[in-house]
Peer 1: 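Please see the structure below; I have some questions.
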Amino acid sequence: VTVNDGNNGGNYIVSYINNTTSRIDPLGVTVSGITGVNRAYDGTTTVVLQGNGATVSGVLSADQNSVSVVIPSGAIGTMADKHVGTGKSVTVTGTNGLTLTGAQSGNYAITAATGATVDITKASLTLALSGGTVSKTYDASTVIDSANGATISGVSVAAANNTTLYSTDAVSGFTLAFDDKTAALSGKLVNLTGVNLTDSSGQSVTGNYNISLTGANIGAITKADLLLSGLSAQDKVYDGGTTATLSGSAVLSAFAGDKVTLATGTAAFVSKDVSYANGAVASQAVTLSNYSISGDDAANYNLVVPTTLTAK
């Protein structure tokens, strides 16, 4: 220290005190070449980090061979969302467990870790129908819908075969269909044909799963009534018998495409005698017997013959 006092500093005695407050801070460096460990969807945004080829930039040239990065087991990063995707960006907040090693590593500090990506693939999921019953009246289709008169009671869908719905993911809707259209009183196979999955925020997560659907034998289709129409009974003169003659053309109201054939039966007055009412000849009921149906789809119907035919 030079003191300009006009006397070459002779007027002063200079003392020196050690500086105890100044410091040398570590130089900030950036780590790159980190990757996320590819995995299947698990409902989280967390990604395990790896980086056998990770490098450190910003190290002074003299220290290039004396500083490297260590990515310890359990180091993690995060994605912006949890969904399936390829090459998803991974954010490494702070150092997240990353450390520097080497003879000069103490002179440096990690300030950023950039460029990490990860692939998230779909999780396997098996969903199966559980409990309840599904029923409807035959309508020549496999459709199960309340608009078609189907009744769905107590049916639920649950994960099966050691698979799971992750985090808050849940089944928010599903569709069903009978395995075939034929009538059966019970034990009919109901297929699970589609599902909607959402998380607790209402966000769709269906696309994050490879889904296998399993049905259950919980269905029933009752026979449909098949009305015979188009016939009328003819009046006749007393002949001592009950046989009645019909006119018109028999019509069956089967569903389009169904193969049902009518086998003609007989018609008879309820009495062989002339019926009177208030002194005048009156009509009496005519009943049909032994009518039947056959054909590929006949087993799906109950034949209903008219009960209101009358004649004199």
Side-chain angles (χ1 to χ4, degrees), residues 1-4 14-125 162-170 197-211:
V1 174
T2 300
V3 179
N4 295 316
V14 180
S15 300
Y16 297 93
I17 299 173
N18 290 333
N19 183 347
T20 60
T21 60
S22 296
R23 67 183 186 184
I24 300 175
D25 291 326
L27 177 63
V29 294
T30 300
V31 174
S32 58
I34 299 172
T35 61
V37 177
N38 296 337
R39 62 167 174 80
Y41 172 81
D42 67 0
T44 72
T45 59
T46 301
V47 176
V48 175
L49 301 177
Q50 63 181 358
N52 294 331
T55 59
V56 182
S57 60
V59 176
L60 299 179
S61 58
D63 295 337
Q64 286 292 327
N65 296 323
S66 300
V67 180
S68 59
V69 64
V70 175
I71 302 176
S73 175
I76 60 171
T78 57
M79 302 175 292
D81 63 61
K82 63 186 176 180
H83 302 297
V84 166
T86 302
K88 292 171 66 74
S89 295
V90 178
T91 300
V92 182
T93 304
T95 61
N96 270 39
L98 307 184
T99 58
L100 296 174
T101 186
Q104 298 299 319
S105 60
N107 295 318
Y108 298 90
I110 299 171
T111 56
T114 63
T117 62
V118 69
D119 294 344
I120 305 299
T121 57
K122 293 184 178 184
S124 295
L125 176 65
N162 297 315
T163 63
T164 188
L165 283 161
Y166 290 101
S167 187
T168 62
D169 297 351
L197 307 177
T198 54
D199 62 18
S200 59
S201 69
Q203 189 176 51
S204 175
V205 293
T206 308
N208 294 318
Y209 295 90
N210 278 322
I211 305 173

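All values derive from a computational prediction rather than experimental measurement.
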Peer 1: Minimum heavy-atom separation for Ala40 and Ala123, please, with both atom names.
Peer 2: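 Distance-wise, the nearest heavy atoms are CB-CA, 4.4 Å.
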Peer 1: Suppose the criterion is ring pair (Phe, Tyr, Trp, His ring centres under 6.0 Å): which pairs have a residue in residues 50-74, not counting sequence neighbours?
Peer 2: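 Checked against ring pair (Phe, Tyr, Trp, His ring centres under 6.0 Å) - neighbours excluded - no pair reaches residues 50-74.
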Peer 1: Taking all non-hydrogen atoms of both residues into account, name the closest pair between Thr198 and Gly202 and its distance.
Peer 2: CG2-O, 3.9 Å
Peer 1: For Lys82, give me all partners under salt bridge (charged side-chain N to carboxylate O under 4.0 Å, His left out), at least two apart in sequence or on another chain.
Peer 2: Asp169, Asp199
Peer 1: Under the rule for side chain to side chain donor-acceptor pair (under 3.5 Å), what residues qualify as partners of Ser73, not counting sequence neighbours?
Peer 2: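 So Ser73 forms no side chain to side chain donor-acceptor pair (under 3.5 Å) with any residue.
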Peer 1: Sort out for me which residue in Thr164, Thr206, Leu165 forms a side chain to side chain contact (heavy atoms under 4.5 Å, CB included) with Leu125.
Peer 2: Leu165
Peer 1: Would you list the atom pairs, donor with acceptor, under 3.5 Å between side chains in residues 26-38 and any protein atom, with sequence neighbours excluded?
Peer 2:
unit_1: Ser32; atom_1: OG; unit_2: Thr55; atom_2: OG1; d: 3.1
unit_1: Thr35; atom_1: OG1; unit_2: Gln50; atom_2: NE2; d: 3.4
unit_1: Asn38; atom_1: OD1; unit_2: Asp119; atom_2: N; d: 2.8

Peer 1: Do Arg39 and Ile120 come within less than 4.5 Å of each other through their side chains, counting heavy atoms only?
Peer 2: yes
Peer 1: When you measure from the side chain of Asn208 to the backbone of Val84, do you find a donor-acceptor pair of N or O atoms at a distance under 3.5 Å?
Peer 2: yes
Peer 1: Should we count CG of Asn162 as having more than 12 external heavy atoms under 6.0 Å?
Peer 2: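 Check fails, neighbour count at 12 or below.
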Peer 1: Return the minimal non-hydrogen interatomic distance between Gly77 and Leu49, and the atom names on each side.
Peer 2: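 Closest approach of Gly77 to Leu49, heavy atoms only: N-CG, 3.7 Å.
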Peer 1: Within this structure, what is the CD-CG distance for the pair Gln203 and Leu197, rounded to the nearest 0.5 Å?
Peer 2: 12.5 Å
Peer 1: What pairs meet the ring pair (Phe, Tyr, Trp, His ring centres under 6.0 Å) rule with one or both residues in residues 23-77, with sequence neighbours excluded?
Peer 2: Tyr41-Tyr209
Peer 1: Show me the donor-acceptor pairs, under 3.5 Å and distance only, between side chains in residues 62-72 and residues at least two apart or in other chains.
Peer 2:
unit_1: Asp63; atom_1: OD2; unit_2: Tyr108; atom_2: OH; d: 2.6
unit_1: Gln64; atom_1: NE2; unit_2: Val59; atom_2: O; d: 2.7

Peer 1: Flag the pair Thr44 / Met79 as yes when at least one side-chain heavy-atom distance between them is below 4.5 Å, and no otherwise.
Peer 2: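 No; the side chains remain at least 4.5 Å from each other.
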